[in-house]
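The structure appears below as structure tokens.
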Amino acid sequence: MKLIALPAFSDNYLWLWQQDQLAVVVDPGDAAPVLQALAKDGLTLAAILVTHHHADHTGGVHELHLATGAKVYGPAREEVPAPFTPVMQGDAIDLLGQQVQVIDVPGHTAGHVAYFLPRATPHPVLFCGDTLFSGGCGRIFEGTPAQMLASLDSLAALPSNTQICCAHEYTLSNLRFACAVEPGNTALQAYTAKCHQLRDQGTPTLPAQLGNELQINPFLRARHPDVRHAVAQHAGLSALEQTDDVAVFAALREWKNNFK
Ligand SMILES: [Zn+2]
Ligand SMILES: [Zn+2]
């Protein structure tokens with residue numbers, strides 16, 4: 001299968017998953033770049049997947065649905081601006097010869113879902129919207145830190161060769177924060193250098209690879225002693241709070257929110 005990151009707005013990627021002459025688009029915040037890509041390669045849009053209700057992920061859904069008749073799938077607990085099939089944890093959809101598994105990942109929004117393709121080749125693929133970014137995670141707008149941590153835990157448990165299709169190019173700014181949290185992490189330093197090179201060439205840093213994220217992403221490493229220690233120092237956590245995974249994670253997210 002072929003994955004294309006269509007840039008939109010200032011830093012969104014609309015992911016187009018292509019198989020032969022068929023395509024599926026994830027989170028089309030804008031219809032224009034998708035219609036352009038379909039026309040350019042003579043593709044038929046088979047389906048539209050939506051991870052959460054934010055406008056930069058749904059703004060083009062209605063127009064694309066009208067223009068192509070593609071079926072829309074979206075989170076059961078959120079609104080999508082077109083007729084859609086609601087999906088939730090445990091659901092599986094068959095699309096373009098692939099099984100697409102739905103994972104509930106509340107936190108960024110209350111009903112956010114992710115789509116996982118366990119049998120994609122050459123590697124499993126995850127479309128995670130604004131839940132997990134390379135080097136970071138989504139802001140917690142509607143859920144709680146406990147929910148976001150549990151959501152990230154369920155994504156972290158996927159196969160380590162999973163290709164993660166995040167919805168924003170936030171990598172470099174995330175890595176700047178990650179380096180402040182873990183200045184001694186050599187894998188993080190090497191990955192940062194690689195991502196700078198990619199961005200200098202105008203290339204997306206995505207998809208990210210889960211195995212690498214587990215080495216460099218502080219939000220997937222909130223239980224690592226180095227991260228825990230750095231957060232405790234920064235936020236002045238008590239000895240008791242330092243042993244509370246959710247308290248550490250919440251303080252880490254708060255640190256990032258205020259990081260300049
Ligand atoms: Zn969002
Ligand atoms: Zn977004």
Side-chain angles (χ1 to χ4, degrees), residues 2-18 23-41 43 45 47-68 70 72-75 78-82 84 105 107-115 125-143 148 151 155 163-178 195-196 198-208 213 217 219 253 256-257 259-260:
K2 192 169 154 192
L3 286 170
I4 302 160
L6 300 173
F9 311 118
S10 55
D11 50 34
N12 283 72
Y13 290 127
L14 319 181
W15 287 96
L16 198 69
W17 148 31
Q18 185 183 337
V24 170
V25 69
V26 185
D27 286 349
D30 187 3
V34 182
L35 289 169
Q36 223 167 51
L38 295 173
K40 181 174 141 278
D41 292 330
L43 304 173
L45 192 64
I48 300 167
L49 300 178
V50 175
T51 63
H52 68 294
H53 68 85
H54 286 160
D56 61 313
H57 297 250
T58 58
V61 170
H62 191 61
E63 186 183 339
L64 274 179
H65 171 68
L66 288 180
T68 66
V72 182
Y73 297 87
E78 297 194 357
E79 294 295 321
V80 175
F84 73 106
V105 285
H108 177 69
T109 61
H112 200 306
V113 296
Y115 299 94
V125 169
L126 175 72
F127 299 106
C128 59
D130 286 352
T131 296
L132 177 60
F133 296 117
S134 185
C137 76
R139 276 183 187 254
I140 302 170
F141 285 123
E142 297 173 9
M148 190 56 141
S151 294
L155 299 184
Q163 302 292 297
I164 307 168
C165 300
C166 319
H168 291 270
E169 180 62 66
Y170 288 159
T171 310
L172 289 185
S173 82
N174 284 339
L175 293 178
R176 211 164 52 77
F177 174 70
C195 289
H196 271 290
L198 288 170
R199 294 310 291 149
D200 286 347
Q201 298 160 1
T203 308
T205 57
L206 306 171
E213 291 301 312
N217 188 327
F219 294 93
R253 186 57 255 184
K256 173 72 163 67
N257 291 348
F259 187 73
K260 296 275 186 283

For [X] versus [Y], what's the shortest heavy-atom pair and its separation?
X      : Y      : value
His54  : Phe141 : CE1-CD1, 3.8 Å
Gly111 : Pro75  : O-CB, 3.2 Å
Leu6   : Pro33  : CD1-O, 3.8 Å
Ala47  : Tyr73  : CB-CE1, 4.1 Å
Ala110 : Glu142 : N-OE1, 2.7 Å
Cys128 : Thr51  : C-CG2, 4.4 Å

Determine the sole option in Asp27, Asp56, Asp30 for which the side-chain hydrogen bond (donor to acceptor under 3.5 Å, both in side chains) test with Asn12 is passed.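 Only one option passes, and that is Asp56.
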
For [X], enumerate each residue passing the side-chain contact (heavy atoms from CB on, under 4.5 Å) test, keeping only those at least two apart in sequence or located in another chain.
X      : answer
Asp200 : none
Thr203 : Leu198, Gln201
Lys2   : Ile4, Gln18
Tyr170 : Asp11, Phe133, His168, Asn174

Got Leu16 and Leu43 here, is their nearest side-chain heavy-atom distance under 4.5 Å?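 Leu16 reaches Leu43 side chain to side chain.
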
Do Cys165 and Leu3 come close enough that some side-chain heavy atom pair is under 4.5 Å?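 In short, these two side chains touch, coming nearer than 4.5 Å.
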
Spacing of [X] atom [atom1] and [Y] atom [atom2] [to the nearest 0.5 Å]:
X      : Y      : atom1 : atom2 : answer
Leu38  : Thr68  : CG    : OG1   : 7.5 Å
Leu175 : Arg199 : CG    : CZ    : 12.0 Å
Thr131 : Ile140 : OG1   : CD1   : 10.5 Å
Met148 : Leu132 : CE    : CG    : 8.5 Å
Ile164 : Asn217 : CD1   : CG    : 8.5 Å

[X] (side chain) donor-acceptor with [Y] (main chain) under 3.5 angstrom:
X      : Y      : value
Trp15  : Val24  : no
Arg139 : Arg253 : no
Glu169 : Pro204 : no

Apply the test side-chain contact (heavy atoms from CB on, under 4.5 Å) to residues Val80 and Ile48: give CA-CA distance (whole Å), side-chain angles for both, the deciding distance (0.1 Å), then the verdict. CA-CA 11 Å; Val80 175; Ile48 300 167; over 6 Å; no

Between Leu206 and Tyr13, does a side-chain contact (heavy atoms from CB on, under 4.5 Å) hold up when you go through it step by step? CA-CA 9 Å; Leu206 306 171; Tyr13 290 127; 3.7 Å; yes

Measure up the His112 and His52 rings against each other and bin them: parallel (under 30°), tilted (30 to 60°), perpendicular (over 60°).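 Ring orientation of His112 relative to His52: parallel.
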
Holding to ring-ring contact (aromatic ring centres under 6.0 Å, His included), I want the full list of residues that pass it with Phe259, two or more places apart in sequence or in another chain.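 With neighbours one apart ignored, the set is Phe177.
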
Which donor-acceptor pairs under 3.5 Å do side chains of residues 59-66 form with protein atoms, sequence neighbours excluded?
{"unit_1": "His62", "atom_1": "ND1", "unit_2": "Pro81", "atom_2": "O", "d": "3.4"}
{"unit_1": "His65", "atom_1": "ND1", "unit_2": "Ala70", "atom_2": "O", "d": "2.8"}

